[in-house]
Novice: 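So that we are looking at the same thing, I have put the structure below in structure tokens.
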Amino acid sequence: MKTLVIFYSRTGRTKSIAKILSEKLNCDFEEIIDKKKRSGLKGFMRGGLAARKGELTEIKPLVKNPDNYDVLLIGTPNWGSKIPPAIRTFLVENKNKLKKVAFFCTQGGEGDGTEVFDLMSNICEKNPINSLKLTTKMINDGSHHEKIAVFINQLEN
Ligand SMILES: Cc1cc2nc3c(=O)[nH]c(=O)nc-3n(C[C@H](O)[C@H](O)[C@H](O)COP(=O)(O)O)c2cc1C
């Protein structure tokens, strides 16, 4: 099964999980880059608002073609139980190229997170074969490794 790990990350946390996943699955890895600057306090505030309003953005052209993969693992940070414009844009622009999808999400707090996956699923019109939600606490205390192992095991079987 040809797999691509593809993600958006504003501050690197989702990226660190994407790296672990692609290393463990020995598969390709692609970062979705928002052409709009999202750093700093302004980026946080405007990004949150854009996510809430369901705005699209311009993303850099992808290096890998999603069409060439059997499964895409799509990673996003949770932005107020919504998704960043870059992930929304990727899903809208590529939904016809996606075969199987799995989702992963990082978030600061303990909130539910299922809203994020439901949103992604609605936009790309596919039910994920699996999903993984990780909090900052899990990443800091190392318990994310066990969750990642279970997630990968379920994907492979
Ligand atoms: C605009 C914005 C809104 C956020 N909203 C939430 C939230 O509602 N709940 C939460 O737990 N974390 C929230 N966070 C925190 C991020 O989900 C968390 O820090 C995530 O791991 C960041 O991933 P990244 O480093 O890949 O960008 C928010 C962050 C941003 C920038």
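Read the numbers this way: they start at 1 and go in the same order the structure lists the ligands and their atoms.
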Novice: Students should find this: residues with any non-hydrogen atom under 4.0 Å from ligand 1. What is the answer?
Specialist: S9, R10, T11, G12, R13, T14, F44, G48, P77, N78, W79, G80, S81, T106, Q107, G108, G109
Novice: Do W79 and I33 sit in one hydrophobic cluster, given that two such residues count as connected whenever their side-chain heavy atoms are within less than 4.5 Å of each other, even indirectly?
Specialist: no
Novice: Quick one: name the residues clustered hydrophobically with L41, using the 4.5 Å side-chain heavy-atom rule over I, L, V, M, F, W, Y, and just say none if it's on its own.
Specialist: F44, M45
Novice: Distance-only criterion, 3.5 Å: show the donor-acceptor pairs between side-chain atoms of residues 62-74 and protein atoms not counting sequence neighbours.
Specialist:
| unit_1 | atom_1 | unit_2 | atom_2 | d |
| --- | --- | --- | --- | --- |
| N65 | OD1 | D67 | N | 3.0 |
| Y69 | OH | D28 | OD2 | 2.5 |
| D70 | OD2 | K2 | N | 2.6 |

Novice: Is there a path of hydrophobic side-chain contacts, each under 4.5 Å between heavy atoms of I/L/V/M/F/W/Y residues, joining V5 to L134?
Specialist: yes
Novice: Cut-off 3.5 Å, side chains only: do N153 and N157 have a donor facing an acceptor?
Specialist: yes
Novice: Tell me who clusters with L49, hydrophobic residues only, linked when side chains sit under 4.5 Å apart either directly or through other members.
Specialist: none
